[in-house]
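Heads up: numbering here begins at 1 and tracks the sequence. Just so it is clear, the structure is predicted and the values come from calculations on it, not from any experiment. Whatever order the structure lists them in is the order used to number ligands and atoms, beginning at 1.
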Amino acid sequence: MHVRVVNPNTSVGMTRSIGIAARAAASPSTRVTAVNPTMGPASIESHYEEALAVPGLLEQIALGERDGVDAYVVACFGDPGLDAARELARGPVIGIAEAAFHAASFVARRFGVVTTLGRTTGRARELVDRYGFGPACVEVRACEIAVLELDDPASEARRVVADECRAVFAAGADAVVLGCAGMADLCHDLSGELGAPVVDGVGAATAFAESLVRLRLRTSTRGESAAPPRKDFAGLLAPFSLAGARV
Ligand code: 5HY
């Protein structure tokens, strides 16, 4: 099978590390390709950047459909464009936040989230509630570290993330969800150091995507996830006009 992991921002270095995390979670027989759009923000840390990342994400989903991809991962913790991607894709589309919350709920009664900038905690809390994990989520904490700083070996990121994980456990959590695709490479070391589950959404989403394909489950073509109706798009978005229903 072929799982395509889409980093919706345009930072190639982050896409590379996301691909490494995804392949580590996938079966050896699964082909995992990690891509990012050629248009859009270098990182996603605001509603404005999230909104402007979605066209590039959807373009990558359309390209994946041409390539016969079996399932997709939206590798950004805000799960941007997830519902729209599900209208385009035949196979399953998994957001890393949704996947991480589910994975945490399978191994712990209560979990917390450690994310990047404080301004992103509102979206994280909103997704916790949207996906039905409000009662299970004891805290959402921010490291106040920029997404692209996570990739900088000279930064204090790893220490700060570990400190915030400890604070989440002190608040009563039994597991921690890492709130950024760029934290994926910290997951296993932190889990060992802290002696409790630390969940990375990239790996969780990749594993869930594989399982759904194995279960022969595809995104429904009914109701809200049916293909969008034909419609003209003007201006820069003219190429996003769709030919019609997906088969
Ligand atoms: C992410 N931004 O996973 C989110 C994290 C965040 O560019 N990739 C990004 O801070 O919301």
Exercise. With a 6.0 Å cut-off on ring centres, are His102 and Phe133 close enough?
Worked result: yes
Please report whether ligand 1 has a polar contact with [X], defined as an N or O pair separated by less than 3.5 Å (distance criterion only).
X      : result
Ala75  : no
Cys180 : no
Glu45  : no
Phe77  : yes

Exercise. Should the ring pair Phe208 and Phe106 be called parallel, tilted or perpendicular, given that the plane angle runs from 0 to 90° and is split at 30 and 60?
Worked result: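 Ring orientation of Phe208 relative to Phe106: perpendicular.
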Taking the side chain as C-beta and beyond, is there a heavy-atom pair between [X] and [Y] under 4.5 Å?
X      : Y      : result
Val5   : Arg23  : no
Leu150 : Ile145 : yes
Thr116 : Met183 : yes

Seminar exercise, completed: Heavy-atom nearest pair, Gly95 first then Leu82, reads N-CD1, 3.7 Å
Problem set entry | Ligand-residue contact atoms, ligand 1 with Ala181, heavy atoms, under 4.0 Å | 1 (C), 3 (O)
For this session: Check ligand 1 against Cys76 and write out every atom of the ligand that is under 4.0 Å from a heavy-atom position of the residue.
Result: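 Going through ligand 1 atom by atom, the ones under 4.0 Å from Cys76 are 1 (C), 2 (N), 3 (O), 4 (C), 8 (N), 9 (C).
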Exercise. Which is closest to atom 2 (N) of ligand 1 in terms of heavy atoms, Ile18, Ile44, Asn9?
Worked result: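 Nearest heavy atom to atom 2 (N) of ligand 1 lies in Ile44.
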Problem set entry | Lys/Arg N to Asp/Glu carboxylate O, Glu193 vs Arg166, below 4.0 Å | yes
Exercise. Considering only the protein, which heavy-atom contact is closest to atom 10 (O) of ligand 1, and what is its distance?
Worked result: Thr116 OG1, 2.5 Å
Exercise. Does ligand 1 have an atom that lies less than 4.0 angstrom from a heavy atom of Gly78?
Worked result: no
For this session: Answer yes or no for Met14: is there a heavy-atom contact with ligand 1 below 4.0 Å?
Result: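 Contact check Met14 vs ligand 1: positive.
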For this session: Classify the contact between Val147 and ligand 1 as side chain, backbone, both or neither, using a heavy-atom distance cut-off of under 4.0 Å.
Result: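 The side chain, only.
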Exercise. Hey, any chance Val93 and Val73 share a hydrophobic cluster, counting ILVMFWY side chains that come within less than 4.5 Å of each other, even indirectly?
Worked result: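 Result: yes, single cluster for both.
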